Amino acid sequence: MKTAYLGIDVGSISTKAVLIDKKNKILARDYLWTEVDPIGTVKKLLYSLSDQLAKINEHHQDNPYQVQAVGTTGSARRLIGSITGASVIKNEITTHAIGTTSLYPEVRTIFEIGGQDSKIILIENGIVVDYAMNTLCAAGTGAFLSSLAQRLNEKVEDIGEIALTSDNPTRLAARCSVFAESDMVHKSQIGHSKKDIIAGICQSVVTNYMNNVAKGKRIIPPIIFQGGVSKNIGVTKAFERTTGHEIHVDPDSHLIGALGTAILAKNSKDPRPFDFRISEADFQTKGINCDKCANHCEVIAVYQDEKLIDAWGNKCDRGRVI
Amino acid sequence: MTKYKVSFPHLGNYYVPLERLFTRGLDVEYVVPPAITKKTLELGSLHSPDYICAPFKFNMGNYIETIEKGADTLVQTGGVCRLRYYGELQSQIIKDLGHDVRFITLSRGALSKPVTLYQSFKEINPAMSVKQIGSTLPVVMTMIESMDKVEDFVRKNSGFQKAPGVLETVQEDFMQRLRRTDSKKDVKKLYKKTTDHLLEIPLDKPKNPIRVGVIGEYYTIMEPFSNHDIEKELAKKGIVVDRWVNLTNTLFRKDWKRKKRVRRYTKYFMGATSMFTVDQGLRFAKQKYDGIIHVKSFGCTPEMDAMPVLQNISRDYKIPILYFTFDSQTSDTGIQTRLEAFYDMIMMRKGGLL
C-alpha cells in the first residue's frame with residue numbers, strides 16, 4: 001500500500017484540496033468557490049479527489065494509494081478539521097510558508113493575497129523569520145478586485161489581461177475599497193479609458209499592499225507571489241514594476257496552503273487514515289447562544305448523522321457543550 | 001448623611017486598591033463596575049464617537065453599567081494623550097443621556113504636585129480628611145505593588161504548571177483576601193503568604209523556555225478583556241510572558257535613564273506610553289527574548305508613532321515583533337491565527353520541528 005496525504009484549504013472565497021504522495025508530489029488537485037457553504041464545498045471536492053485517486057489507483061491495483069492523514073487550513077480549518085478527523089489543523093501563514101519552501105527552498109519573500117486577507121512572509125534559510133497580515137480591513141484583496149470588476153462589468157478572471165493592454169495606468173486611491181470605488185467612478189466620468197482604469201486598479205492593489213502589509217519589511221528576492229490574486233497577471237506585473245524584482249508565480253500558486261497543510265499532516269505523529277466515504281455522511285452545524293452571562297458566547301456544535309461530534313466557541317466551562 | 005456612591009472604570013484587577021482608596025481614603029461608598037462583558041462594550045460603543053480609541057468605549061460601558069448599579073459619582077483620570085479629554089466628553093455624553101450624576105475629572109491633578117491631587121480628591125468628597133487619605137495612600141500603594149508582583153509571577157509561570165489553573169486560583173484567592181486586609185502590615189503578610197504558596201506549586205519549566213515580551217498602549221495592555229486575553233493565550237502555549245507595564249512601574253517608579261537608553265532609536269518624546277514601549281522593546285531585544293507582541297487600540301497615535309521605531313529595533317536585533325490593533329469588533333479567530341503563526345515561527349527559528 002502506498003501512502004497519500006490530503007490537504008484542504010478552506011478560504012473565504014475558494015476552497016482548495018490536494019492529495020500528495022510521500023515525496024510531496026501532488027497526485028490530485030481541485031478547487032471550487034466556497035460560496036458560504038464550506039461543508040458542502042469540501043464534500044464536492046472530496047468526490048472529485050476520490051475520482052481522481054480511483055483513476056490513479058487503476059494503474060496500481062496491487063499497491064493502491066491510501067490517505068493516511070488529513071491536514072486543514074484557511075478560515076474554516078477548525079470546522080473542516082473536525083468533520084474530516086484531521087491530524088493537523090494549522091493557520092494559513094505557517095502552511096503557506098511550509099508549502100512554498102517545499103517547492104522553492106531558496107525563497108526569501110512570499111507575497112500572498114487571498115480573498116479577504118493578505119500577508120507577507122519573510123524567510124531565511126528555509127524558516128520564517130518575520131510575517132505580517134492585514135488587520136481590520138480587507139482593502140486590496142481578492143474581494144476588492146471582485147467588487148470593482150463587477151462594477152466595471154468585467155469578469156475578475158479577465159482584468160489582469162486587460163490591465164496589460166494599458167501603458168498609462170490611472171492613479172486611484174488605494175487606502176480603502178469604498179474610496180477606491182468612488183475614485184474609479186470619478187476617473188471614468190472625466191474620461192479615463194476602461195483599460196487604464198483596470199490597470200490602475202491592479203496597481204492600487206500593489207500600492208495598498210506595500211503601504212500596509214509590507215510596510216517596514218525588507219523585501220529580498222527571490223519573491224514568490226501566491227494566493228488567488230496571483231492569478232491576475234496585471235497585479236503580478238504591477239508588483240514587478242514596484243519592487244524592481246522578478247516575481248515568480250507557481251502554476252499551483254492557489255494551492256500552496258493546501259500543499260503546506262498536507263505536508264504537515266504527512267509529518268504529523270498522529271496519522272489518522274481517512275475514508276472518502278465521509279462525503280456521504282450528513283453534517284449539520286448548530287449555533288447555540290450561551291446565555292449564562294452577558295458575554296453571550298456563540299457556541300458551534302457539529303453533528304455527524306445527528307450525533308454530536310465537536311463543539312467550540314465557549315469562553316469558559318459554563319458554556320461547554322461537549 | 002448618606003455617602004456618595006463613587007465609581008471608576010475597570011482596569012484589570014485594580015478595582016481592589018481603588019476601592020480601598022475611595023472607601024477608606026475618601027470616605028465614600030465604592031461601586032465596583034460589573035465585570036466587563038460584550039454587553040459592556042456594546043453599550044459603550046453605542047454611546048461613543050465611532051473613531052475614538054477603544055478604551056473610551058470600554059470606560060463608557062463601565063459608567064453606564066455602574067449608574068444602573070446605583071453609582072451617583074463617576075471619576076475619570078487625566079493622562080498624557082487623548083485620555084486627558086476623555087472626562088470632558090464622557091461627562092457631556094452622560095449628561096445628554098439624561099443621567100443625573102456627578103462627573104469628576106482628575107485631569108487637573110498631577111502625581112508630581114500633591115496639592116493639585118488634593119484639590120481633585122476634595123471634589124469627590126468635600127468632607128474628606130487629609131489625615132485619612134494620608135494614612136490610606138501608603139496602604140493602597142502597597143496593595144498595588146504586591147498585586148503587580150503576584151500577577152507578574154503568574155504571567156511568567158502560568159504556562160508551565162503541572163495542573164493548569166492552580167496559579168490563577170491562588171491569584172484570585174489573593175485578590176479576594178486583599179480586599180479584606182486592613183493595614184500595610186496585613187497586606188505585606190498576605191503577600192508573603194501568597195508568594196510562599198505560589199512558589200510551592202509544582203512547575204515543569206524547561207531550562208531555556210520561550211520568552212515573549214508584551215509592550216504597548218496603557219489600557220489595552222492592562223485590561224485583558226480588551227486584548228482578548230492575549231497573555232493567557234500565549235502562556236497556554238508554554239511561553240514565559242513578560243510585561244513591564246503596570247501601575248507600580250509606571251506610576252511609582254521614576255526612571256531618569258530611559259531617555260538616554262532609547263536615544264539611539266528616538267530623540268524626542270512621542271507622548272503617552274510610546275517611550276515605555278520603545279524602552280521595553282529594546283530591553284526584550286537586548287535580552288534575546290524570542291519575540292515581542294505590541295498591542296494598541298485602533299487609532300492610538302503615540303503607539304502608532306512607536307511602531308516604525310520598533311521596526312528598526314526588530315531589524316537590528318533580528319527579533320520578530322507581532323503588532324495587534326484592537327477595536328470593538330475584532331473576532332477571536334483572527335487573533336488566534338496570528339498568535340499561532342507567531343508561535344510556529346518562534347519554534348521554527350529555534351530549530352524545533354513542527
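A quick note: this is a predicted structure, and the numbers were derived from the prediction, not measured. These values consider heavy atoms only, across backbone and side chains, with no hydrogens, waters or symmetry-generated copies. Just so it is clear: chains get the letters A, B, ... in the order the sequence lines come, proteins before strands, and each one is counted from 1.
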Which atoms of Arg77(A) are under 4.5 Å from chain B, going by heavy atoms: the side chain, the backbone, both sets, or neither?
side chain
Given that the side chain runs from C-beta out, which part of Ile319(B) has a heavy atom under 4.5 Å from chain A: side chain, backbone, both or neither?
neither
Could you give the side-chain donor-acceptor pairs of residues 304-312 of chain B under 3.5 Å, partners two or more places apart or in another chain?
{"unit_1": "Gln311(B)", "atom_1": "NE2", "unit_2": "Lys215(A)", "atom_2": "O", "d": "3.2"}

Pairs meeting criterion side-chain hydrogen bond (donor to acceptor under 3.5 Å, both in side chains) with involvement of residues 80-89 of chain A, two or more places apart
Ser82(A)-Asp310(A)
Can you say whether Phe342(B) sits under 4.5 Å from chain A via the side chain, the backbone, both, or neither, judging by heavy atoms?
both
Does Gly216(A) offer a backbone N or O that forms a donor-acceptor pair with the side chain of Arg315(B) under 3.5 Å?
yes
Structural part of Ile89(A) lying under 4.5 Å from a heavy atom of chain B
backbone
Ring-plane angle category for Tyr317(B) and Tyr265(B), please: parallel below 30°, perpendicular beyond 60°, tilted otherwise.
tilted
